[in-house]
J.: 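This is the structure, below, for whatever I ask next.
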Amino acid sequence: MELQALRGTSDILPEDIPRWLSLERTIRRLARLYSYDEIRTPLLEEASLFRRSVGETTDIVQKEMFQFEDRSNQLIVLRPEGTASIVRAYLEHHLDKRIGFAKFFYCGAMFRAERPQAGRFRQFHQFGVEAIGSHSPWIDVEAITLCQAMLSACGLPQSRLWLSSMGCKPDQLRASQKLRERLSLHRSSLCSDCQSRFDKNIFRVLDCKKESCRAIVWKEKTSPFILCAECQAHYDQVRQGLHSAGISFDDTGIFARGLDYYTRTVFEFRAKGLGAQDAVAAGGRYNHLVEELGGPSTGAVGFAAGIERLLMAIPKGTSDSSTVSRHGIYVAVTQPTLIAEGFRLSQQLREKGIAANMDYDSKSLKAQLREADKVQAQYVAILGEAELAQQSITVKDLGQGTQRTIPLDQFIQEMSHAANHEQ
Ligand code: HAM
């Protein structure tokens with residue numbers, strides 16, 4: 001095969017679509033239940049948006065953005081994540097002034113030029129939420145609760161929630177000093193990336209994936225973040241809220257998030273059996289991002305889940321996702337001269353909202369019946385010369401295995417009755 005999809009991208013074939021649709025239906029239903037409204041932002045954004053939000057020294061910005069100059073020399077990127085775009089849209093459309101507190105839900109493709117491997121792609125899909133306009137710890141609890149509800153409603157059998165707090169800006173300054181002290185003796189043993197992170201943005205060593213670095217960085221098995229009284233109170237309230245919602249978590253502190261915009265609560269849901277790429281959903285609070293992108297001081301929190309990873313972790317057939325039920329009508333004709341009449345009937349069915357399918361290639365009746373079964377039609381309607389002469393049509397119910405002949409002028413009405421009955 002000469003032409004292939006690019007490495008790290010994949011086709012979602014019709015046979016996979018039912019799982020995707022089922023997942024999308026589930027997450028939309030839950031987003032509505034928690035009053036998060038859908039937002040769709042462009043796939044293309046100015047590169048500076050992510051430099052200013054995700055952070056100049058993060059892996060995403062340094063190594064993973066697909067970027068190019070357009071004809072007017074503007075630096076454009078394919079969006080690597082959704083949070084920054086949503087904050088941009090919130091400010092661009094003055095939603096801070098129009099509605100203040102806003103709860104968004106989104107679902108769509110993201111792009112990162114990562115080295116492809118199991119569970120890590122260059123084009124992947126995320127769903128997520130962003131609640132912008134509140135500092136309340138209860139919004140953190142709500143977002144985490146919603147995330148867990150979405151993962152389990154999608155059929156994820158088991159996941160573990162990692163929870164931590166990265167504090168406020170002054171807490172982070174103190175933590176960076178503490179980390180420098182902790183690591184200064186071991187600096188030369190860190191990977192070359194982490195050695196440069198040590199000077200430029202020491203927090204990025206916390207999420208280095210290399211085992212040798214992790215062993216040094218997390219040797220003390222405690223969080224480098226020592227929280228101020230307000231951040232501690234916020235974190236305690238989040239933990240209490242999660243306890244009362246019956247959500248268990250690991251808060252041993254040996255966890256941090258790798259995007260620069262995080263403050264206070266950070267979390268990650270990890271699934272069993274996914275190997276190194278086991279984070280199915282992750283998020284946290286970002287209390288300075290709105291301000292950093294030109295808006296007023298605004299509290300915000302959100303998360304995003306990777307759909308491909310989630311589907312890898314969900315056993316096929318656990319939800320209604322993989323059962324394709326019979327539906328619609330296959331109109332079969334006994335000879336090619338009847339195609340026009342078959343087409344007319346198919347159109348009438350479609351106008352009534354009933355799925356109709358037929359063959360236009362003069363296949364034998366046997367081949368058409370095989371095809372009707374293959375496309376999982378509920379009914380096959382057989383139109384022949386003899387039937388037409390008597391103004392009737394034969395309808396087979398492929399699910400039940402029954403067959404009857406009905407007057408042609410009652411066909412559409414009966415079929416819409418049967419289709420409504422099925423729904
Ligand atoms: P993130 O941790 O970069 O956070 O991505 C969230 C999730 O997207 C990951 O847990 C993973 O499931 C999925 N994901 C990320 N990269 C890939 C990839 N290359 N291939 C497949 N799946 C991937 C964010 O994107 C933040 N915007 C989350 C957030 C929202 N924080 C606050 N609000």
Side-chain angles (χ1 to χ4, degrees), residues 6-10 12 23 27 36 39 41 45 49-50 53-55 58-61 63-66 78-88 90 102-132 139-140 142-144 146-147 150-151 154 156 159-162 164 166 204 206-207 209 255-271 274-290 298-314:
L6 292 171
R7 236 161 74 78
T9 71
S10 46
I12 304 167
L23 183 140
I27 54 173
Y36 285 74
I39 184 168
T41 59
E45 293 275 4
L49 174 63
F50 300 102
S53 54
V54 171
T58 55
D59 279 357
I60 293 182
V61 168
K63 307 181 193 163
E64 296 168 3
M65 291 204 296
F66 283 103
L78 284 170
R79 64 180 186 190
E81 60 110 52
T83 312
S85 305
I86 288 166
V87 171
R88 180 205 42 72
Y90 176 79
K103 300 209 290 188
F104 300 108
F105 155 75
Y106 58 99
C107 182
M110 307 289 161
F111 305 85
R112 295 185 194 175
E114 300 198 72
R115 196 169 53 76
Q117 54 175 265
R120 197 155 82 180
F121 310 100
R122 294 186 155 188
Q123 176 175 335
F124 59 99
H125 298 77
Q126 283 185 342
F127 66 78
V129 307
E130 311 295 345
I132 307 178
I139 304 296
D140 309 33
E142 183 182 272
I144 295 171
L146 172 57
C147 186
M150 284 177 163
L151 297 179
C154 288
L156 185 69
S159 65
R160 191 153 182 222
L161 170 60
W162 289 77
S164 191
M166 293 175 71
R204 297 291 64 84
L206 295 174
D207 42 85
K209 301 284 178 290
F255 158 69
R257 293 272 299 138
L259 287 76
D260 277 0
Y261 51 60
Y262 289 116
T263 51
R264 293 194 167 168
T265 316
V266 285
F267 60 93
E268 199 161 279
F269 282 90
R270 298 182 187 160
L274 286 185
Q277 308 301 322
D278 61 351
V280 282
R285 200 160 250 293
Y286 47 96
N287 287 343
H288 298 289
L289 186 54
V290 177
T298 311
V301 62
F303 71 80
I307 298 185
E308 284 82 355
R309 265 187 216 179
L310 187 53
L311 287 175
M312 283 166 73
I314 299 172

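Counting begins at 1 with the first residue of the sequence. None of these values were measured; they are calculated from a predicted model. Indexing begins at 1, ligand by ligand and atom by atom, following the structure's order.
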J.: Can you list everything that forms a salt bridge (Lys or Arg N to Asp or Glu O under 4.0 Å) with E81? Sequence neighbours excluded, please.
T.: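 Here no residue qualifies.
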
J.: Holding to salt bridge (Lys or Arg N to Asp or Glu O under 4.0 Å), I want the full list of residues that pass it with E64, two or more places apart in sequence or in another chain.
T.: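 Counting only residues at least two positions away or on another chain, E64 forms no salt bridge (Lys or Arg N to Asp or Glu O under 4.0 Å).
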
J.: Are E130 and Y106 close enough that a side-chain donor and a side-chain acceptor fall under 3.5 Å?
T.: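 Yes, because at least one side-chain N or O of E130 sits under 3.5 Å from a partner of the opposite role on Y106.
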
J.: The criterion is salt bridge (Lys or Arg N to Asp or Glu O under 4.0 Å); which residues satisfy it with R88, sequence neighbours excluded?
T.: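 Once residues adjacent in sequence are excluded, the partners of R88 under the salt bridge (Lys or Arg N to Asp or Glu O under 4.0 Å) criterion are E45, E92.
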
J.: Distance check, rounded to the nearest 0.5 Å: W162 atom CH2 versus F255 atom CZ?
T.: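 CZ of F255 is found 9.0 Å from CH2 of W162.
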
J.: State whether a side-chain donor-acceptor pair under 3.5 Å links T265 with D140.
T.: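 Distance-only check passes for T265 and D140.
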
J.: Heavy atoms under 4.0 Å from ligand 1: which residues qualify?
T.: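 Residues within 4.0 Å of ligand 1: E81, T83, Y106, R112, E114, G119, R120, F121, F124, Q126, E130, R257, Y261, Y262, A279, V280, A281, A282, G283, G284, Y286, G302, F303, A304, G306, R309.
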
